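Report on the structure given below.
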Amino acid sequence: MKAILKKATPTPDHSFNIHKDVGEAMLSSWHYHPEIELLLIKRSSGTCLIGDHVGPFKNGDTFLFGSNLPHTFRHERKYMQRTDERIGESVVVLFQQELWGNHLLSLPELKNITRLLEHAKLGLRIHGETRKKVARVIDDMLNEAPGKRIVHLLTVLELIASAQEYSTISSNGFNHEANNIDKSRINKIFEYTFNNFQNKITIEEVADLIAMGKHSFCRYFKSKTKKTYFDFLIEVRIGHACRLLAEQDLNVAEIGYACGYNNISHFYHQFKAVTNKHPLEYRANYIHIEHVA
C-alpha cells in the first residue's frame, strides 16, 4: 500500500509521545510512521483501514500498530461535529522500539514483549478483559509524571503480551514498501469509495479519478493492495453493514439498502462471504460479546 510518512516528535522532557485527540483532531489520511502506536478509541465508530484490512471499529477499541504499518480511521461524522461530552475522543501513544535500548529488550524477562512487538508489525486488536485493563492504564498515562508514564507503557505492553488476548489485523502476506510513495492516487480512490459506496460505482469512473484506463487501473490497484477494487468495495460496504447491525435498530433489508445493495439476497451472500456469518447471526454475536464484556 502507499501512504504518507508522518513524523511524531516528542517534547524535550519526554522520550515518547502521548496525546488526546478530540473531534476533528482524530482525522488523518492514509499514513504510516516509524514509531510503534498504541491507539485507544474512547468514543467514536466508523471504518478502519489497517494494512490490507478493511473493517468497522467502535467505542473502546484498542490497537497496537508496528513500525511503518499504514492505517487510517474513517470516523462517523456525528463524532466530529458534536460540541458536548459525546464528541469523539481517542488517546494515541507513539514510541520507538529502541526506547529502552536493545540490551533491555534482549533480557529474558522481556522476551514476551519483544515477541509482541514483532507480531504488531501486522497490527493487533486487543480483546476481552485485557482491553479494559489496557484502556485504564492508557487513560492514566495522560496525567502522570514523565517517570511514571514510561513505567505505565511497559506495564501496558506486558499486560498485552502475557494475556495474549489479541488478534492480528493484516494478512501475513501484507508488505508495505515505505519508500515507494504514491499518496495522491490511493487517497483519491479511498475518499471516492468512502463517499460513494452507498451508490453504484463502476471501474471506469474510479479509473478516471487517477487518469487511467480500466485495465491499467485494475492492474494498478491489485498490485498495490493484493485485492481487486471490487473486493475492496465489498469490504467497505460490509464493514459499514457490521457497524449498522451493531449500533442501529434497523432490519437487514434496510441495512442492505443503506450499504449500496439493491438485491438483499446478494447482500446476504456477500456478508456471509466476508464475515462467515449471516447478518442476524453477526448482530446476535455482537450483542452477546457486549453483554459479556
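Below, all heavy atoms of this structure are taken into account, side chains as well, without hydrogens, waters or symmetry copies. Quick note: residue numbers are just sequence positions, from 1. Note that the structure is a prediction, hence the values are computed from the model and not measured.
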* **Evaluation steps, side-chain contact (heavy atoms from CB on, under 4.5 Å), between T168 and L124** => CA-CA 5 Å; T168 303; L124 303 176; 4.0 Å; yes
Report whether [X] and [Y] are members of the same hydrophobic cluster (ILVMFWY, side-chain heavy atoms less than 4.5 Å apart, transitive linking).
X: I87; Y: L39; answer: no
X: V206; Y: Y220; answer: yes
X: V22; Y: M141; answer: no
X: L280; Y: L244; answer: yes

Has [X] got a side-chain atom pairing as donor or acceptor with [Y]'s backbone, closer than 3.5 angstrom?
X: S216; Y: M212; answer: no
X: Q198; Y: G260; answer: no
X: N195; Y: Y192; answer: no
X: Q248; Y: L245; answer: no
X: T62; Y: G60; answer: yes

* Before giving the answer on side-chain contact (heavy atoms from CB on, under 4.5 Å), spell out for I50 and F63 the whole-Å C-alpha distance, their side-chain angles and the decisive distance to 0.1 Å. => CA-CA 10 Å; I50 302 165; F63 302 90; 4.1 Å; yes
[X] bridged to [Y] by N-O distance under 4.0 Å:
X: K188; Y: E191; value: no
X: K272; Y: E281; value: no
X: K214; Y: E204; value: yes
X: D140; Y: K148; value: no
X: D139; Y: R136; value: no

* Are R43 and E89 close enough, and set up right, to give a salt bridge (Lys or Arg N to Asp or Glu O under 4.0 Å), and what steps lead you there? -> CA-CA 5 Å; R43 192 165 42 252; E89 183 179 328; 3.0 Å; yes
* To do: Give, for atom CD1 of I234 and atom NZ of K227, the distance between the pair rounded to the nearest 0.5 Å.
  => 10.5 Å
* To do: Please confirm whether F232 and F190 have ring centers closer than 6.0 angstrom.
  => yes
* Ring centroid separation F197 to H240 under 6.0 Å -> yes
* Sequence neighbours left out, what passes side chain to side chain contact (heavy atoms under 4.5 Å, CB included) with N251? Give chain and number order. => A253, E254
* Asked: Pick from Q270, R237, H266, H269: which one makes a side-chain hydrogen bond (donor to acceptor under 3.5 Å, both in side chains) with Y261?
  -> Q270
* Which pairs count as ring pair (Phe, Tyr, Trp, His ring centres under 6.0 Å) when at least one residue sits in residues 119-152, sequence neighbours excluded? -> none
* Hey, could you give me each pair passing ring pair (Phe, Tyr, Trp, His ring centres under 6.0 Å) that has a residue in residues 34-60? Not counting sequence neighbours. => F57-F73, F57-H75
* Structure fact -> Scanning both residues in full, the closest heavy-atom pair of S170 with G51 reads OG-CA, 3.2 Å
* Asked: Yes or no on side-chain hydrogen bond (donor to acceptor under 3.5 Å, both in side chains) for E205 and T202, after CA distance, side-chain angles and deciding distance?
  -> CA-CA 6 Å; E205 64 190 87; T202 66; 3.0 Å; yes
* Give the intermediate values and the outcome of side-chain hydrogen bond (donor to acceptor under 3.5 Å, both in side chains) for residues E37 and H71. => CA-CA 11 Å; E37 177 175 342; H71 56 278; 3.1 Å; yes
* Asked: Can S67 and Y32 be said to form a side-chain hydrogen bond (donor to acceptor under 3.5 Å, both in side chains), step by step?
  -> CA-CA 8 Å; S67 176; Y32 67 95; over 6 Å; no
